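Beneath this line is the structure, given in structure tokens, with notes to follow.
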Protein chains: 2
Amino acid sequence: MKFKKLEISEKVIQRLTEYLSILKDVQKYENEINSIELSKIMNTTSAQVRKDLSTFGDFGVRGKGYDISKLIEIIEDILGINKVNNVIIVGHGKMGEMISSNRNVLGKGFQIVGIFDKDKNKIGKVVSDNLEIRDVNGVKEFRENFCGEVDTAILAVVKEQAQFAAEQLVKNGIKAILNMTTYKLELGSDITVVNIDISAKLQELNFWRLNKEEK
Amino acid sequence: MKFKKLEISEKVIQRLTEYLSILKDVQKYENEINSIELSKIMNTTSAQVRKDLSTFGDFGVRGKGYDISKLIEIIEDILGINKVNNVIIVGHGKMGEMISSNRNVLGKGFQIVGIFDKDKNKIGKVVSDNLEIRDVNGVKEFRENFCGEVDTAILAVVKEQAQFAAEQLVKNGIKAILNMTTYKLELGSDITVVNIDISAKLQELNFWRLNKEEK
DNA sequence: TAGATTGTTAATCGATTAACAATC
DNA sequence: TAGATTGTTAATCGATTAACAATC
């Protein structure tokens with residue numbers, strides 16, 4: 001998929017994932033949607049919706065709106081989730097376990113193909129989906145022998161191990177990391193990192209709860 | 001805590017949680033930090049750091065910088081996590097279980113005081129920390145009888161139940177929701193909601209991995 | 001006092017929105 | 001053709017950054 005321009009902001013992509021989620025929901029009841037309707041669900045303006053979508057192409061029909069199932073396909077194509085992307089989980093504590101045992105959590109387009117830990121007591125155990133927990137030192141070998149690309153890792157080790165583990169992954173060819181730890185990774189600019197920090201989000205929530213503007 | 005102005009953007013609060021995390025890390029080695037050093041770790045400018053902090057007050061010393069432990073205390077105060085905030089978990093599937101059994105995940109300032117589910121097979125079970133899984137219909141009663149405020153819920157039900165469950169919580173007095181489901185909640189403007197969507201974040205990661213600008 | 005770094009103003013940059021020509 | 005809604009331009013708004021006076 002080629003885009004008109006590649007100065008795309010993070011916010012556009014974040015909204016794109018939201019559009020997708022909403023469209024899949026609305027699809028149960030409707031076949032078409034226009035930018036006004038979509039903007040209302042999104043709490044934004046219709047101009048925002050049209051601008052966002054037009055970043056990637058002309059998907060609407062003037063006078064009518066957007067075909068929902070077509071738009072879903074397009075967004076899935078943009079996000080690269082209309083095919084299977086292989087991911088490995090690194091760190092099989094409570095978080096890693098939750099992810100590996102919860103088929104739904106990753107959503108469409110992602111498949112867990114390997115689980116790694118450094119704990120000798122865990123290595124060798126077979127967990128959900130017939131995946132064996134492997135030694136984290138074997139990531140390189142695993143990637144080389146795997147039939148297909150494995151570029152993405154979900155980092156679910158303890159905070160203290162995050163930087164070291166991430167560096168190892170990068171050395172072994174991993175290109176993208178979903179960082180589930182609280183640690184702010186410092187990696188080369190060729191590595192893509194996205195962070196999920198539950199405690200930080202809870203702090204944000206707490207701030208807004210305490211500072212709700214009275215209107 | 002009173003602020004100079006209350007037109008505070010979401011981004012400022014997000015960065016505030018990052019500053020806090022970094023400061024706690026740097027505190028192991030240093031007592032003081034200046035805006036330049038902090039900006040380098042944050043991948044931003046020193047002006048950004050000073051501007052962000054000055055939103056809340058004058059915490060630095062000209063010619064020197066910021067006292068780390070003082071700044072940590074201040075940010076914790078701003079975020080309201082220097083005291084214990086009670087939270088309940090609603091939905092005790094894989095996600096709720098991960099959170100309730102993982103003391104570290106919520107971080108400083110938060111305490112799980114109740115766990116709720118609608119599944120009769122789960123209700124009554126005692127899980128980690130001597131908390132009993134309660135019937136989700138008993139949230140109101142629980143809040144009224146609890147010695148202390150319970151305003152915050154972590155919503156960890158399945159997507160299909162998210163909107164209904166959230167509405168019930170709001171009816172029963174909950175004011176802030178950390179939404180761990182993929183569903184975009186539609187609630188009154190007096191309710192504070194922050195979303196964590198693992199699959200959406202993975203989609204973002206996948207987009208950037210596939211569209212890494214070649215430099 | 002001289003050197004350093006803050007807090008803040010003003011300039012710049014980027015993102016959102018209003019408005020409308022294009023077109024189904 | 002008339003009505004509706006897109007895609008896009010230009011105007012507005014807000015966030016970031018450069019620059020510097022204030023001051024430790």
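Computed from a predicted model, the values in this text were never measured in an experiment. Each chain gets a letter, A, B and so on, in the order the sequences are listed, and its residues count up from 1.
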C/dT17 - base-pair partner by Watson-Crick or wobble geometry, distances under 3.5 Å: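 Result: D/dA10.
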Now, which nucleotide makes the Watson-Crick or G-U wobble pair with D/dG3, with each of the two distances under 3.5 Å?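 Paired with C/dC24.
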So, [X] and [Y]: side-chain donor and acceptor under 3.5 Å apart, yes or no?
| X | Y | result |
| --- | --- | --- |
| A/Glu18 | A/Gln14 | no |
| A/Tyr19 | A/Asp52 | yes |
| A/Thr192 | B/Arg209 | no |

Whole Å only: how far is the [atom1] atom of [X] from the [atom2] atom of [N]?
| X | N | atom1 | atom2 | answer |
| --- | --- | --- | --- | --- |
| B/Glu7 | D/dC13 | CD | C1' | 14 Å |
| A/Glu10 | C/dG14 | CD | P | 14 Å |
| B/Gln48 | C/dG14 | CD | C1' | 13 Å |
| A/Ile8 | C/dA15 | CD1 | P | 11 Å |
| B/Met42 | D/dA15 | CE | P | 16 Å |
| A/Ile36 | D/dT6 | CD1 | P | 7 Å |
| B/Asp58 | D/dC24 | CG | C1' | 13 Å |
| B/Leu53 | C/dG7 | CG | P | 8 Å |

Less than 4.0 angstrom between a side-chain N/O of [X] and OP1 or OP2 of [N], yes or no?
| X | N | value |
| --- | --- | --- |
| A/Ser35 | D/dT5 | no |
| B/Tyr66 | D/dC24 | no |
| B/Thr44 | D/dT17 | yes |
| A/Thr45 | C/dT16 | no |
| A/Arg50 | C/dT16 | no |

So with a 6.0 Å cut-off around CG of A/Asn31, is the heavy-atom count from everything else above 12? no
Quick check on B/Lys64: does its NZ atom have over 12 non-hydrogen neighbours (other residues, nucleotides or ligands) under 6.0 Å away? no
Assert: residue with more 5' nearest nucleotide on DNA chain C, out of A/Asp52 and A/Gly63, is A/Asp52
Distance criterion of 3.5 Å, no angle test: do you see the side chain of A/Arg62 paired donor-to-acceptor with the base of D/dT6? yes
Per B/Lys51 side chain, nearest of listed nucleotides C/dT6, C/dT8, D/dT8: C/dT8
Of all the nucleotides listed (C/dT5, C/dT17, D/dT16), which has the minimum atom distance to the side chain of B/Asn34? C/dT5
Pick the closest DNA chain D nucleotide for A/Lys64 and for A/Ala47 by heavy atoms, then say which residue is nearer the 5' end.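 Nearest nucleotide further toward 5': that of A/Lys64.
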